[in-house]
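Both ligands and their constituent atoms are indexed starting at 1 by order of listing. Treat the numbers as computed from the prediction; the structure is a model and nothing was measured.
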Amino acid sequence: MATRFGLGYDSHTFGARRPLKLAGVAIDHPSGLTGHSDGDAVAHAVTDALLGAAALGDIGRHFPNTDPRWKDADSLRMLATAGDKVRRAGFALVNVDVTVVTEAPKLAPHIPAMRARVAETLGLPIDAVSIKGKTNEGMDAIGRGDGLQVFAVAAIERP
Ligand code: MG
């Protein structure tokens, strides 16, 4: 049994006049994230981690931001589709681990719901989905609150 890992990264700026959505969960905050879809950077980073683990390319190849189908789209749909593509390529999903770097809002109260949405979207048990929030200690653009960054790792295996 060969285990493979994939790394996903995403960043979006704040400033969009729509709800802040992370891992499919609407979070109370003065501004949402910019982007062609719903700006859900957690869904995007996990999507890229899964596609990367299977060496299937990236989110831009599978869900181009020039495609009107994905305009304001629910990014969990992209994540579900990516999970299906990885499974169709012959892999089982093992786990994902995510770090969200943002000064605000505080993510701790939302982590259980975020984990549940990602787990349900990918058909994984809740204990196979980890999401953590961190600040950037006030440093650089993330520290100023211009936007947020997400790092994700996914493990898959070929049974
Ligand atoms: Mg993105």
Side-chain angles (χ1 to χ4, degrees), residues 4-87 89 93 95-107 110-111 113-124 128-136 139-156:
R4 299 167 58 133
F5 301 94
L7 171 67
Y9 169 80
D10 198 24
S11 61
H12 283 252
T13 53
F14 285 115
R17 294 169 65 176
R18 62 179 167 206
L20 172 62
K21 208 159 74 160
L22 291 172
V25 175
I27 294 173
D28 193 32
H29 195 59
S31 79
L33 295 170
T34 58
H36 180 72
S37 63
D38 60 2
D40 188 336
V42 171
H44 298 171
V46 177
T47 296
D48 254 353
L50 286 167
L51 292 171
L56 286 174
D58 65 14
I59 191 169
R61 183 174 120 198
H62 292 271
F63 312 101
N65 64 10
T66 49
D67 186 339
R69 237 186 334 161
W70 301 110
K71 175 139 177 55
D72 300 319
D74 177 353
S75 294
L76 289 186
R77 276 176 47 218
M78 294 186 218
L79 179 58
T81 302
D84 288 344
K85 285 172 187 272
V86 170
R87 286 188 169 112
L93 312 190
N95 76 306
V96 299
D97 182 29
V98 178
T99 297
V100 182
V101 188
T102 188
E103 297 302 301
K106 285 277 169 245
L107 295 182
H110 307 287
I111 294 289
M114 292 165 68
R115 290 177 63 204
R117 290 306 302 278
V118 171
E120 151 193 83
T121 300
L122 291 175
L124 285 170
V129 177
S130 161
I131 302 179
K132 304 148 347 252
K134 290 190 75 70
T135 75
N136 212 37
M139 291 183 288
D140 71 35
I142 301 299
R144 283 196 308 270
D146 294 354
L148 59 72
Q149 291 176 312
V150 182
F151 300 86
V153 173
I156 62 175

Quiz prompt | Heavy-atom side-chain proximity of His62 to Thr81 below 4.5 angstrom | solution = no
Quiz item: Is there a side-chain contact between Met78 and Asp40, using heavy atoms and a 4.5 Å cut-off?
Solution: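 No; the side chains remain at least 4.5 Å from each other.
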Practice problem: Taking atom types as modelled, find out whether His44 and Asp10 have a side-chain donor-acceptor pair closer than 3.5 angstrom. | Solution: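 Distance-only check passes for His44 and Asp10.
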Quiz prompt | Exceeds 12 heavy-atom contacts within 6.0 angstrom, atom CG of Asp140 | solution =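 Count over threshold, so yes.
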Exercise. Answer yes or no: does atom NZ of Lys106 have more than 12 heavy-atom neighbours from other residues, nucleotides or ligands under 6.0 Å?
Key: no
Quiz item: Could you give the distance from CG (Leu148) to NE2 (His12), rounded to the nearest 0.5 Å?
Solution: 8.0 Å
Quiz item: So what's near the Mg ion (ligand 1), protein N, O or S atoms under 2.8 Å?
Solution: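 Protein N, O or S atoms closer than 2.8 Å to the Mg ion (ligand 1): Asp10 OD2, His12 NE2, His44 ND1.
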